[in-house]
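Below is one structure; the comments refer to it alone.
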Amino acid sequence: MSTKTGAAGKTGAGASRAPSASNFIRQAIEADLASGKHARIVTRFPPEPNGYLHLGHAKSILLNFGLAQEYGGRCNLRFDDTNPEKEEQEYVDSIIDAVNWLGADYGGTALYASDYFDFMYRCAEYLVSSGNAYVDSQSAEEMRANRGSFTAPGTDSPYRGRSPDENLALLREMRDGLHPDGAHVLRAKIDMASPNINLRDPAIYRIKHAAHHRTAGAWCLYPMYTYAHPIEDAIESVTHSLCTLEFEDQRPFYDWLLEKLADGGLFERPLPQQIEFARLQLTYVVLSKRRLIQLVEEGHVDGWDDPRMPTLAGARRRGYTSEGLRRFAERIGVAKENSWIEFSILEDAMREHLNDMAPRRMAVLDPLKLVIENWPEGKEALCEVPNHPQKPDWGKRPVPFGRELWIERDDFAFDPPKGYFRLFPGNEVRLRYAYVVKCIGYDAASDSVRCTVHEDSRSGTPGADRYKVKGNIHWVSTAHAHAAPVRLYDRLFGVPQPGSGERDFLLDLNPDSKKTVSAQLEPALREARVGESFQFERHGYFARDPDPNAFNRTVTLRDSWVK
RNA sequence: UGGGGCGUAGCCAAGCUGGUUAAGGCACCGGAUUUUGAUUCCGGCAUACCUAGGUUCGAAUCCUAGCGCCCCAGCCA
């Protein structure tokens, strides 16, 4: 049985990761491959270009593209652009950008539902001719009233009995722009008494005299999602059409439509199969489009790519890596249970990847001056500091050392709490990769810590190891460091499930989600490229922002010291 | 109230064609190593699988009846 160790186990040469976990989608795929129903699988990621992609989309993208890669199939990037009033080119561009960043391979060519409008319309004429669709001329209100309720069946539209010829003539008039918006709608003819409300003659085409971002004025008749989506899938020979749980009730219509069209010779079998999975819900995060828009428009964040936003643009600017997201998606799995993923899983996935790939640097976020009284004025030393202590092959860099240094304010305590082993009067610590110093006092007038140095304690020199100190703190030379804005981001919301119940989610905003400090950075950080990630030793991971010199905190290091 | 789903540890999630001690991850708690109170490494962490009955030598896995949560009544997707 291949569920546990089959194709799922191939993660590529050099990969040492555990085999992917079994899940119900892989099982369905493997069954279809084993039975010969499909020789190769085709999936798709079908965003509507009416907003920015977020972490929830990342789950779907990684799932669809991941499965295709894993089983040697293909995954299409297809824009579901069937509603011209809500869609824009700007969103198309940002979505392509995000998909590329995630590393998804869609073959370089994005597909568009709007490219299929002609074919979809031909399908509609076929449905009309074969008596499976009719033009309804009720108002939207009448249609709603006649749909019935959960417990009461609907009632047939007075226009339900129109002849195929009459319907065809009307449909063509609708297409040709002879009728205003809302005058008529094309409906599938199924069953107004169905216990599944989605089967009570769903609308499949509506009139919209609106310009489309790609087809411009070519159409004034646009297909509805429920109708368009199955056809898009079938045109592209999609084998497994993955979507979220709320479309479960829609599946009978999906199958009904494709069966009718296949009966009419418009498609060949086997037809695509829709499979639903639970959408991502992340604690301390909000993912609904409505709420995201509100955060931006009301100025609670600094735009769509604010590093606190769960958009992919924001995540990227925050310093999250696509590889980290991939690990995250692998860990949370995919199932049908509506669940809340703890934010710590995302953070841990990021730490894991960043720990592996981020060079180490020293940065003092809350500077306090330290003066070494027995170090001559003007004397300078160059300390050799490893770029990654676990990866000697990454080499070392020289970091200048002198009489005056910046250290972290937190690393000094005049009156230390119990268990504190950093700097306090009388105590010794090592200045990381440099010298051991002894604190001899604190000068309030100049707000500086006074120390003496053990000159024979320099890291890497013979005998330096005989100084046994518990504390090991980072530093930068005041004469060589440069100041830079560093944004210390924290979660945007202060509660696990923002806005749960009736509560306004804005009330749950974390007032301290962004704190900017003026940090002192070691010289090597001047050369950081935009987007590049570093570990600021003992602090966390930070990424260079597009803003000059600024860094964004991606995630802190774990800290097991309980004060 | 009709229909469609889902219920395995604090949070995810395997297992479900019944059969050794109920995978794995996150979180948490110990301990070792450590020039990051980081990383890494070891160890601990469900006599229990929504509840109650039943079938069976044996059930998280099969049957019955309950209970709980989510989704559906757009000319949105």
Side-chain angles (χ1 to χ4, degrees), chain A residues 3-4 18-19 21-23 46-48 50 80 82-83 85-86 136 138-140 143-145 147-154 181-187 194-200 202-208 222 224-226 228-229 243-252 276 278 283 289 327-328 330-349 351-352 355-356 360 362 386 388-390 419-422 429-434 436 459-460 464-465 467 469-474 496 535-540 556-562:
Chain A
T3 305
K4 283 177 185 160
S22 164
N23 66 51
E48 183 189 15
N50 72 342
D80 217 341
T82 58
N83 187 350
E85 289 167 347
K86 296 189 174 178
D136 196 352
Q138 296 182 103
S139 67
M143 268 181 67
R144 191 184 326 116
R147 191 147 29 228
S149 70
F150 288 147
T151 49
D181 288 11
H184 311 282
V185 59
L186 185 69
R187 292 230 254 173
S194 171
N196 179 350
I197 292 183
N198 299 292
L199 257 24
R200 318 242 261 230
I204 59 180
Y205 263 100
R206 75 293 217 195
I207 300 169
K208 274 184 193 290
Y222 292 94
M224 302 275 293
Y225 162 85
T226 43
H229 207 85
C243 62
T244 44
L245 255 25
E246 67 270 27
F247 294 104
E248 224 151 9
D249 292 340
Q250 214 78 236
R251 191 172 63 227
E276 311 84 11
T283 59
K289 193 169 289 179
R327 294 181 193 199
F328 168 68
E330 236 167 65
R331 289 179 190 188
I332 64 176
V334 51
K336 299 192 73 158
E337 184 172 350
N338 239 306
S339 57
W340 283 83
I341 305 295
E342 285 182 350
F343 194 71
S344 64
I345 296 187
L346 212 208
E347 290 187 316
D348 186 75
R351 283 195 190 102
E352 184 187 272
N355 175 51
D356 197 49
R360 265 104 251 234
M362 292 200 283
H388 190 129
Q390 277 82 46
Y420 188 86
F421 54 66
R422 279 111 90 167
V429 301
R430 176 172 291 282
L431 294 168
R432 199 159 167 68
Y433 299 117
V436 172
S459 292
D465 285 349
Y467 290 91
V469 291
K470 276 199 90 176
N472 196 316
I473 68 175
H474 62 277
Q535 184 197 94
F536 289 178
E537 296 215 40
R538 305 208 302 135
H539 281 303
T556 62
L557 248 29
R558 268 201 199 78
D559 183 3
S560 61
W561 190 55
V562 282

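Throughout, a chain's letter reflects where its sequence line sits, starting with A, and its residues are numbered from 1.
- If you check every strand for non-hydrogen atoms under 4.0 Å, A/Q250 touches a base.
- For the pair A/R538 and A/W561, the cation does not sit on the ring face, since its NZ or CZ is not both under 6.0 Å from the ring centre and inside 45° of the axis.
- Phosphate proximity of B/A27 to A/R558: present, with a side-chain N or O under 4.0 Å from OP1 or OP2.
- Between A/R351 and B/U39, a side-chain N or O to OP1/OP2 separation shorter than 4.0 Å is absent.
- Base contact: A/I345 has a heavy atom under 4.0 Å from a base atom.
- Contact annotation for A/Q138: base contact, defined as any heavy-atom pair under 4.0 Å involving a base atom.
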Requested in this report: Could you walk me through whether A/K208 and A/D181 pass salt bridge (Lys or Arg N to Asp or Glu O under 4.0 Å), step by step?
Outcome: CA-CA 5 Å; A/K208 274 184 193 290; A/D181 288 11; over 6 Å; no
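- Phosphate proximity of B/A77 to A/T82: present, with a side-chain N or O under 4.0 Å from OP1 or OP2.
- For the OP1/OP2 pair of B/G2 and a distance below 4.0 Å, the side-chain nitrogens and oxygens of A/S149 include no atom meeting the criterion.
- Within the structure, every side-chain polar atom (N or O) of A/R331 is placed at least 4.0 Å from both OP1 and OP2 of B/C11.
- Base contact: A/E537 has a heavy atom under 4.0 Å from a base atom.
- Between A/Y225 and A/F247, the ring planes are tilted. Angles from 30° to 60° get that label.
- Between A/N83 atom CG and B/A77 atom C1' there is a gap of 8 Å when expressed in whole angstrom units.
- With rounding to whole Å, A/L431 atom CG is found 16 Å from B/U35 atom P.
- Taking atom C1' in both B/U39 and B/G58, the straight-line distance is 47 Å, to the nearest Å.
- Mapping A/R430 and A/S339 onto RNA chain B via the closest heavy atom, the residue that lands nearer the 5' end is A/S339.
- In this structure, A/E48 reaches the sugar-phosphate backbone alone: every heavy-atom distance under 4.0 Å involves primed, P, OP1 or OP2 atoms, never a base.
- At B/C26, none of the side-chain N or O atoms of A/R327 fall inside 4.0 Å of OP1 or OP2 (strictly under the cut-off).
- Nucleotides B/U47 and B/A52 have their P atoms positioned 15 Å apart, rounded to a whole Å.
- The residue A/V469 sits apart from the nucleic acid: no heavy atom pair falls under 4.0 Å.
- No contact: A/Y205 has no heavy atom under 4.0 Å from any strand.
- Backbone-only engagement by A/K86 is indicated by non-hydrogen atom pairs under 4.0 Å involving sugar-phosphate atoms exclusively.
- The residue A/R360 sits close to a base: some heavy atom pair falls under 4.0 Å.
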